[in-house]
Amino acid sequence: MYSVNLNNLTRQQFLDEYWQKKPLLIRQGLANFEDPITPDELAGLAMEEQIESRLVSQIDGKWDAQHGPFEDYSHLGETNWSLLIQGVDHWDENVDALLSEFRFLPNWRIDDVMVSYATPGGGVGPHVDNYDVFLIQGSGKRSWQVGSNEALKEVIADQALLHVEAFEPIIDVELNPGDILYVPPGFPHQGIAIEPSMTFSIGYRTIAKSHLMSGLADYLIDNQLGKEMVVDPDRQATQTPGLIDETDINNLTNSLKDMLSNDAVLTDFYGQHLSSAKHELAIDEDLVPFEISEVLDILEDQPLNRLGGLRCLYFSHESALASVYINGEKYTLSDSLTTPLRLLADTQSLTQELLSPWLEEPEFMALLIELINLGYWYFSDPE
Ligand code: SIN
Ligand code: CO
């Protein structure tokens with residue numbers, strides 16, 4: 001549906017030269033781009049409790065940021081404000097489809113599509129993000145400045161708005177529909193709408209090392225692992241009771257290293273942790289459970305789609321060969337079913353053709369039905 005051209009670079013050339021290194025302006029990266037969602041639809045989403053939204057304005061030089069949900073917008077004027085919504089890929093199929101062109105990075109590295117609507121003069125101000133982002137210009141025009149990645153002083157513009165001090169731009173451009181600006185983490189940037197304008201931000205995520213550690217600690221505790229005490233049966237008498245000596249340090253550090261060298265434990269932790277959805281999933285609450293025969297019938301004419309924002313991951317590590325991690329849960333089937341399990345993770349849309357070798361495998365079909373009945377895979381039009 002979409003086709004992204006990264007200035008005629010191959011995906012790998014883009015990764016080698018720009019990814020996490022320097023910003024890139026991509027004129028007409030998405031030629032003939034049309035907004036996959038309207039400003040009105042966006043305003044409707046921001047009225048929902050479970051959707052993360054923000055209204056940012058700058059009136060007479062004073063910044064203000066409010067978190068949604070919002071009940072009405074009638075107090076807002078025609079200029080200097082912006083509405084931003086996280087995880088729109090979870091709620092809108094057409095926005096989710098945008099991600100297909102950005103999956104040359106793996107699922108676990110993708111965060112979400114944030115969409116903003118800004119009136120002339122509107123924007124969130126100068127800031128630094130700690131993640132990579134492709135800013136796709138939708139309808140309207142926005143001017144963007146990007147600075148170099150030197151350290152800048154942070155400024156609290158409002159309780160819910162962290163800015164940085166003014167920066168010297170290394171990129172200063174006006175974006176038109178279909179233009180894309182790639183900004184790596186740490187590069188200050190700001191966009192200011194010239195006309196009522198939509199921006200679609202493909203955001204990637206990674207994790208702070210400290211959070212990786214604390215996530216692992218939580219995993220170990222939840223799974224009753226690593227409960228063995230650090231012991232010292234070979235203790236020698238000391239003359240310097242205040243000292244923690246090298247032997248003790250090595251003993252403590254080796255205990256940590258022991259846990260970090262257990263591949264099966266780490267794989268399971270990564271699978272659970274990285275497959276958990278970051279924003280609420282739009283699970284159909286009125287879902288009527290499907291039977292296998294109905295699924296086979298509908299598959300004749302329609303593909304099964306993966307729910308927007310659902311993370312589905314697998315490993316090539318031996319301890320997880322016939323397993324797939326979906327939204328924080330591990331699902332394991334017989335070794336012979338590794339291929340269809342991987343299909344669930346690598347493909348957004350499952351057609352009858354793709355699934356045909358396994359449609360009569362009871363074990364695989366039982367899992368597929370379970371996933372459909374959890375609302376994780378769906379038919380756009382279940383008839
Ligand atoms: C915006 O869409 O206005 C903000 C996007 C960003 O700077 O990351
Ligand atoms: Co930003």
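Just follow the structure's listing: the first ligand is 1, and inside any ligand the first atom is 1. Small disclaimer: the values here were computed from a predicted structure and weren't measured.
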Residue shell around ligand 1, heavy atom under 4.0 angstrom:
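Answer by chain and number: Leu84, Met114, Ser116, His127, Asp129, Leu135, Arg142, Trp144, His189, Thr199, Ser201.
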
Does the side chain of [X] come under 3.5 Å of the side chain of [Y] through a donor N or O and an acceptor N or O?
X	Y	answer
Asn250	Glu246	no
His189	Asp129	yes
Arg142	Ser82	no
Tyr376	Asn327	yes

Note to self: I'd like to verify the contacts: list protein N, O or S atoms under a distance of 2.8 Å from the Co ion (ligand 2).
What the structure shows: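 Near the Co ion (ligand 2), below 2.8 Å, one finds His127 NE2, Asp129 OD2, His189 NE2.
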
Worksheet entry | Minimum-distance pair of heavy atoms, taken over all atoms of Leu341 and Ala322 |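 Heavy atoms only, the tightest pair is CD1-O, 3.0 Å.
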
query = If you take all heavy atoms of Trp377 and Arg306, which pair is closest and at what distance?
reply =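 Between these two residues, the closest heavy atoms are CZ2-CD, 3.4 Å.
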
| Tyr18 ring centre to Lys22 NZ or CZ under 6.0 Å, with the angle to the axis within 45°? |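 Cation-pi check for Lys22 and Tyr18: passes.
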
Point to revise | Test salt bridge (charged side-chain N to carboxylate O under 4.0 Å, His left out) applied to Arg103 - qualifying residues, sequence neighbours left out | key: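 Arg103 satisfies salt bridge (charged side-chain N to carboxylate O under 4.0 Å, His left out) with no other residue.
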
Practice item. Sorted by first residue and then second, give each salt bridge (Lys or Arg N to Asp or Glu O under 4.0 Å) pair with at least one member in residues 334-348; sequence neighbours left out. Key: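 Listed once each, the pairs would be none.
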
